[in-house]
Amino acid sequence: MNKYTGLLCLSLLPTLLLGACGGGGASNSDNQNNSAQDQARESAADLVKNYIKPASLVVNSDVEHYQIAMVGNSHSSGLAPTLKHTIETMAPDKTVNVEVLGFGFTDNLISDYEVVKRFTQPDKPWTHLIIQGQKYSQSMSKAYSTEATKQWVAIAKTHGATPILFPEHPQRGNSVEGGYVHGIHKSIADAEPSCLAPIANAWYGTIASRPELELHAEDGNHADALGILLSSLVFTQIITGQSVDQGVTSILTEVSPELQGELAQHAAQAIIEQPACPDNT
């Protein structure tokens with residue numbers, strides 16, 4: 001049995017056992033719904049079994065068209081359109097498509113038949129997969145499994161797509177969370193070779209240089225337009241393989257070209273300090 005399939009099946013075992021031991025009061029409708037959910041999970045497991053094969057990491061920076069898939073939670077929701085525009089601005093000789101395949105945590109998404117199918121059976125092959133939504137403890141007091149995230153990395157490599165791990169930026173005022181989350185993803189990339197976006201490094205560098213800038217939304221957790229642009233610049237350099245530090249630039253109309261150029265500098269510097277992709281690809 002494929003090691004990832006085995007892990008996925010084990011993760012489903014408690015649910016199946018719980019359903020088998022339920023009380024006699026469940027309605028036929030409840031039983032039918034549970035059966036349909038179990039079948040969907042089994043189908044997702046079958047896709048994972050069939051579509052994970054041993055494969056090396058490839059970096060698809062030289063392709064003419066970037067077909068980029070994303071999976072993740074709310075931190076991914078606003079990134080796709082800005083990322084597309086950023087790549088088009090920085091690499092005008094390329095064509096770009098960015099699609100979010102599903103929203104949630106990686107362990108939920110690996111069990112979602114439709115999401116897995118959209119990646120493994122696309123109309124046009126994906127060149128990149130950005131993976132966000134690894135669970136972590138904000139109090140740093142609990143360790144969550146990373147196996148589902150490793151499965152997404154493995155699926156991407158099986159299909160010749162470049163996997164890019166997306167450890168989200170730190171919350172406002174938190175000087176240690178970014179490094180903690182990056183470290184979790186570094187352990188994943190060490191176990192299942194992948195590119196790893198140094199998002200926290202870019203954010204901390206920008207905050208240190210320009211503390212008056214606001215990169216967070218009002219909730220202090222999600223990124224605002226400026227924060228999304230900063231993260232998009234990091235991903236753009238990883239995807240294109242070309243430095244985004246190109247001087248003044250105009251990606252967002254509401255932000256001065258000079259400031260956008262500064263953000264690009266911080267994005268590029270973060271990758272110099274923490275190279276995103278292994279050298280031996």
Can E168 and Y136 be said to form a side chain to side chain contact (heavy atoms under 4.5 Å, CB included), step by step?
CA-CA 11 Å; E168 54 261 32; Y136 73 93; 3.1 Å; yes
Criterion side chain to side chain contact (heavy atoms under 4.5 Å, CB included) on V96 and I239, from CA distance to verdict
CA-CA 11 Å; V96 188; I239 291 167; over 6 Å; no
Are V71 and S76 close enough, and set up right, to give a side chain to side chain contact (heavy atoms under 4.5 Å, CB included), and what steps lead you there?
CA-CA 7 Å; V71 293; S76 297; over 6 Å; no
After noting the C-alpha distance and the side-chain angles of I251 and L233, does the key distance pass the side chain to side chain contact (heavy atoms under 4.5 Å, CB included) rule?
CA-CA 10 Å; I251 300 167; L233 286 161; 4.0 Å; yes
Working for ring-ring contact (aromatic ring centres under 6.0 Å, His included), residues F166 and F235
CA-CA 9 Å; F166 177 5; F235 285 112; 4.9 Å; yes
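At a threshold of 4.5 Å between non-hydrogen side-chain atoms, the residues H65 and T127 do not count as touching. A heavy-atom distance below 4.5 Å is found between the side chains of W152 and L109. The closest side-chain heavy-atom distance from K157 to V58 is not below 4.5 Å. In this structure, Y180 and P170 have side chains that are not in contact, with every pair of non-hydrogen atoms separated by 4.5 Å or more. Side-chain atoms of S194 and I188, non-hydrogen and from C-beta on, never get closer than 4.5 Å to each other. Taking 4.5 Å as the limit, some side-chain heavy atom of L57 sits within range of a side-chain heavy atom of P278. When side chains are defined from C-beta on, T86 does not count as touching V244, because their heavy atoms never get closer than 4.5 Å.
By the 30° and 60° cut-offs, the orientation of the rings of Y51 relative to H159 is parallel. A parallel orientation is assigned to the rings of H222 and H75, their planes being inclined by less than 30° (bins at 30° and 60°). Classification of the H216-H169 ring pair by plane angle, with boundaries at 30° and 60°, yields perpendicular.
Dense packing is recorded around CD of Q121, with more than 12 heavy atoms of other residues, nucleotides or ligands lying under 6.0 Å away. Counting non-hydrogen atoms of neighbouring residues, nucleotides and ligands closer than 6.0 angstrom, the NZ atom of K186 reaches no more than 12 such neighbours.
Using modelled atom types, one side-chain atom of T240 and one backbone atom of T236 make a donor-acceptor pair closer than 3.5 Å.
Comment: R118 does not engage E114 in a salt bridge, judged by the lack of any side-chain N to carboxylate O separation of less than 4.0 angstrom. With salt bridges taken as basic N to acidic carboxylate O contacts below 4.0 Å, one links E147 and K150.
Interatomic distance, CD of E212 versus CD1 of I207, reported as 11.5 Å (0.5 Å rounding). Of the inter-residue distances, the one linking I184 atom CD1 with M140 atom CE reads 8.5 Å to the nearest 0.5 angstrom. How far CH2 of W203 is from CG of L215: 5.0 Å, rounded to the nearest 0.5 Å.
Shown here are the side chain to side chain donor-acceptor pair (under 3.5 Å) partners of Q237, two or more places apart in sequence or in another chain: there are none. Residues that satisfy the side chain to side chain donor-acceptor pair (under 3.5 Å) test with T106, not counting sequence neighbours, are T149. For E262, the side chain to side chain donor-acceptor pair (under 3.5 Å) partners are R210, not counting sequence neighbours.
Between the side chains of Q269 and E273, at least one donor N or O sits under 3.5 Å from an acceptor N or O.
Nearest heavy-atom pair, N60 versus G160, reported as atom, atom and distance to 0.1 Å: ND2-O, 2.8 Å.
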